[in-house]
Amino acid sequence: MSLRIGDTAPDFKADTTTGAIQFHDWIGTDWAFFFSHPADFTPVCTTEMGRTAQLAEQFASRGVKPIGLSTDTVAEHVKWIEDVNDTQHTTLRFPIVADADLKIAKLYDMIHPNESETAAVRSVFIIDPDKKIRLTMTYPMNVGRNFDEILRVIDALQTADKFKIATPADWVPGQDVIIPPSVSDADAAKSFPQGFETIRPYLRKVSL
Ligand code: BEZ
């Protein structure tokens, strides 16, 4: 069965490039960006791994730990990381899960048999400190992910949690946010003493 937003991310034990982990313990009190890719030593994956490594400070400043997965071994991952570092001009420090027996890929529904019976598609799970899945995205094997969007959606989730708001289309930090319809005008006035704009009774915007 596929995993849904709000589900508890399944826990697992795995060997990774930084040692054995128990997933929930490894997440600890942080957020996780758990992403699969089809295979080591492939071009799109190499750019994605490099980009994730280059963005290490961006993830850390948001309290997010990246962790990759493919259905290869630790030895293969370790050898490939040398290529990633070399070709993408970075130093990859986050763990990559070795899932040669597909156990975790199947647990997370990362194997889409019409694409491949043995390699994972490009799945993304953003997991919060309560181990709840807060976002899922699935990209095909031949399309690299947009890491600006991954950071943007983490910002949106964390801002939504902090201020109990929602974010409009294409929102980026600094722009106005939306007061959810479940919040009355009276409560909105208490939460947002700076005032808010009512465009329609169901569409109210506020600057944070
Ligand atoms: C790649 O990472 O370049 C790739 C991997 C599997 C299928 C297609 C592309």
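Residue numbers count from 1 along this sequence. Worth knowing before you read on, the calculation uses all heavy atoms, side chains too, and leaves out hydrogens, waters and symmetry mates. Order of appearance sets the numbers: ligands from 1, and atoms from 1 within every ligand.
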Ile127 reachable from Leu69 in the ILVMFWY side-chain graph, under 4.5 Å edges: yes
Co-membership, hydrophobic cluster, residues Phe147 and Ile96, 4.5 Å side-chain: yes
Nearest neighbour in protein (non-hydrogen) for atom 7 (C) of ligand 1: Met141 CB, 3.6 Å
Minimum side-chain heavy-atom gap Phe12-Gln22 below 4.5 Å: no
Separation of Asp40 CG from Trp80 CH2 (nearest 0.5 Å): 5.0 Å
Under 4.0 Å to a heavy atom of Val44 - the qualifying atoms of ligand 1, by number: 1 (C), 2 (O), 3 (O)
Within the 6.0 Å centroid threshold, strictly below: Phe125 and Tyr108: yes
Geometric N/O contact Pro38 with ligand 1, under 3.5 angstrom: no
Which of the ligand 1 atoms, numbered from 1, are nearer than 4.0 Å to a heavy atom of Cys45: 1 (C), 2 (O)
Atom indices of ligand 1, in the order listed, that fall short of 4.0 Å to a heavy atom of Arg122: 1 (C), 2 (O), 4 (C), 5 (C)
Interfacing atoms of ligand 1 (cut-off 4.0 Å, heavy-atom, Pro43): 1 (C), 2 (O), 3 (O)
